[in-house]
Enquirer: 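One structure follows; several queries about it will come next.
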Amino acid sequence: MSMRTQLRGVLEVVTPSGVYYLTPSLRERLYLVWMFRNFRNLPLGVLSEPQRKKIEAIASKRGTPDPHASDEILGTIDCTPVMKKPVQPIRAPQFRQSARV
């Protein structure tokens, strides 16, 4: 990750109502660089409680729906609900009873 991204990057948050770009402080930005060190996109469900609180704190102070806020994205948090396929009941195989003599 380039130094420019670390100094000017934004956090992209994908929600059902749209995409938001959060502008963290320098300290928060360094934390996010560490958080996204291995992955560029993270679903909200894999974050720990302190990480979620940090994202909520950043969002409450510095959220903007402007897609052109910055071309440098630190990482993406996916807050969209996961659509699970309905579970189909498994039918037990039908065994025929053999007639014993």
Enquirer: When you compare the side chain of V10 with that of L74, does any pair of heavy atoms fall below 4.5 Å?
Expert: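 No, every pair of side-chain atoms sits at 4.5 Å or beyond.
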Enquirer: If you compare all heavy atoms of P16 against all heavy atoms of C79, which two are closest, and at what distance to 0.1 Å?
Expert: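 Reported closest heavy-atom pair: CD-O, 4.0 Å.
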Enquirer: Can you tell me how far apart CZ (R27) and NZ (K54) are? Round to the nearest 0.5 Å.
Expert: 6.5 Å
Enquirer: Donor-acceptor pairs under 3.5 angstrom involving side-chain atoms of residues 30-47: please list them, not counting sequence neighbours.
Expert:
{"unit_1": "R37", "atom_1": "NH1", "unit_2": "W34", "atom_2": "O", "d": "2.8"}
{"unit_1": "R40", "atom_1": "NH1", "unit_2": "I73", "atom_2": "O", "d": "3.0"}
{"unit_1": "N41", "atom_1": "OD1", "unit_2": "T76", "atom_2": "OG1", "d": "3.4"}

Enquirer: Could you check whether any side-chain heavy atom of L11 comes within less than 4.5 Å of a side-chain heavy atom of Y21, counting everything from C-beta outward?
Expert: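 The answer is no; the side chains never approach within 4.5 Å.
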Enquirer: Residues two or more places apart in sequence or in another chain: which of them pass side chain to side chain contact (heavy atoms under 4.5 Å, CB included) with P50?
Expert: S48
Enquirer: Check step by step if side chain to side chain contact (heavy atoms under 4.5 Å, CB included) holds for I77 and V14.
Expert: CA-CA 6 Å; I77 300 288; V14 179; over 6 Å; no
